[in-house]
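First the structure, in the form of structure tokens, and then the observations on it.
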Amino acid sequence: MIKTKEDLKEYIEADGLALGCKRNKPRPFTDESFRFETALRKYEYALNQKGNGLFVKLLRAYRHFAFHRLGVKLGISVPPNVCGKGLAVVHCVGVIINSKAKIGENLRVQSGCVVGAKGGREEAPVLGNNVYLGAGCKVLGNIYIADGVKIGANAVVVKSIEEPGSVWAGVPAKRIK
């Protein structure tokens, strides 16, 4: 959770490195994913600020507007305070993450991925550190994904994956390595 400016800087640097950017700031018109992730982290910082003064309210409103606008433009729905450091949204189309999900550090997400609840329930997945989600995969329900798991393209995961470092693919997902 981002509470200080140092935390904010650390998260943005980790996200940039995960995307392969060696800069601290995204370039306009080229680094769309990095721009979104920077807006997400700045919005998280604004949400986690204490107090309800006018300045804090204006900061939250401005950061929410910038974050929401960029998310709609790019087709990404990643709620604040869900993902740890090192988030890498590699391709910016159709990435949806449930607000109840809990995601560790260094998540790498391709386009078309969904991490969400199943059947209108409140429970959402818990993903460990260093998880890779291939293009179009779905991770649904009250499940746990262990550290270092790789989920292949268009796989549908509806059961917990307890083996760290394993590779899963298919519908429904099965261990392939």
Q: Please assess Arg60 against Asn52 for the test side chain to side chain contact (heavy atoms under 4.5 Å, CB included), listing each intermediate value before the final yes or no.
A: CA-CA 10 Å; Arg60 283 185 192 137; Asn52 284 323; 3.4 Å; yes

(Q) Test side chain to side chain contact (heavy atoms under 4.5 Å, CB included) on Asn154 and Val171; report intermediate values, then the result. (A) CA-CA 8 Å; Asn154 294 318; Val171 180; 5.6 Å; no

Q) Does the side-chain hydrogen bond (donor to acceptor under 3.5 Å, both in side chains) test come out yes or no for Asn130 and Asn106, once each step is laid out? A) CA-CA 5 Å; Asn130 305 311; Asn106 302 318; 3.0 Å; yes

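Taking CD1 from Ile76 and CZ from Phe36, the interatomic distance works out to 5.0 Å, rounded to the nearest 0.5 Å. The distance from atom CD1 of Ile143 to atom CD of Glu162, rounded to the nearest 0.5 Å, is 10.0 Å. Here the straight-line distance linking atom CD of Glu44 with atom CG of Asp7 works out to 11.0 Å at 0.5 Å rounding. Of the inter-residue distances, the one linking Lys3 atom NZ with Asn48 atom CG reads 7.0 Å to the nearest 0.5 angstrom.
Hydrophobic clustering (side-chain heavy atoms under 4.5 Å, transitive across Ile, Leu, Val, Met, Phe, Trp, Tyr) groups Val95 together with Leu74. In the hydrophobic clustering of ILVMFWY residues, with side-chain heavy atoms under 4.5 Å counting as a link, Leu70 and Ile12 come out apart. The same ILVMFWY cluster, assembled from side-chain heavy atoms under 4.5 Å apart, contains both Leu87 and Ile151. Transitive grouping of hydrophobic side chains (ILVMFWY, heavy atoms separated by less than 4.5 Å) brings Phe67 and Leu47 into a common cluster. Under a hydrophobic clustering in which Ile, Leu, Val, Met, Phe, Trp and Tyr are joined whenever their side-chain heavy atoms come within less than 4.5 Å, directly or via other members, Tyr45 and Tyr43 fall into different clusters.
Of all heavy-atom pairs between Ser33 and Val90, the closest is OG-O, 3.7 Å. Of all heavy-atom pairs between Asn142 and Ala124, the closest is OD1-O, 4.1 Å. When all heavy atoms of Ala46 and Arg63 are compared, the closest pair comes out as CB-CG, 3.9 Å. Nearest heavy atom pair, residue Gly116 against residue Pro125, reads O-CD, 3.4 Å. Pairing each heavy atom of Arg175 with each of Ser166, the nearest pair is NE-CB, 3.5 Å. Scanning all heavy atoms of the two residues, the minimum distance from Glu37 to Asp15 falls at OE1-CB, 3.2 Å.
Formation of a donor-acceptor pair under 3.5 Å by the Glu105 side chain with backbone atoms of Gly86 is not found in this model. Ser77 places no side-chain N or O within 3.5 Å of a backbone atom of Ile96 that could act as its donor or acceptor partner. Under the 3.5 Å distance criterion, the side-chain polar atoms of Arg41 are left unmatched by any main-chain donor or acceptor of Glu10. A donor-acceptor pair under 3.5 Å is absent between the side-chain atoms of Asp147 and the main chain of Pro164, judged by distance alone. Side chain of Lys42 to main chain of Leu40: no donor-acceptor pair is present (N/O by atom type, distance under 3.5 Å, no hydrogens or angles).
Counting non-hydrogen atoms of neighbouring residues, nucleotides and ligands closer than 6.0 angstrom, the CZ atom of Phe65 reaches no more than 12 such neighbours.
For the pair Pro79/Ile97, a side-chain contact is recorded, criterion being any heavy-atom separation below 4.5 Å from C-beta on. Leu133 is listed as a side-chain neighbour of Leu107, based on a closest heavy-atom distance under 4.5 Å.
Remark: Lys9 does not engage Glu6 in a salt bridge, criterion side-chain N to carboxylate O under 4.0 Å.
When each of Ile176, Val149, Ile145, Val139 is tested with Trp168 by the rule side-chain contact (heavy atoms from CB on, under 4.5 Å), just one qualifies, namely Val149.
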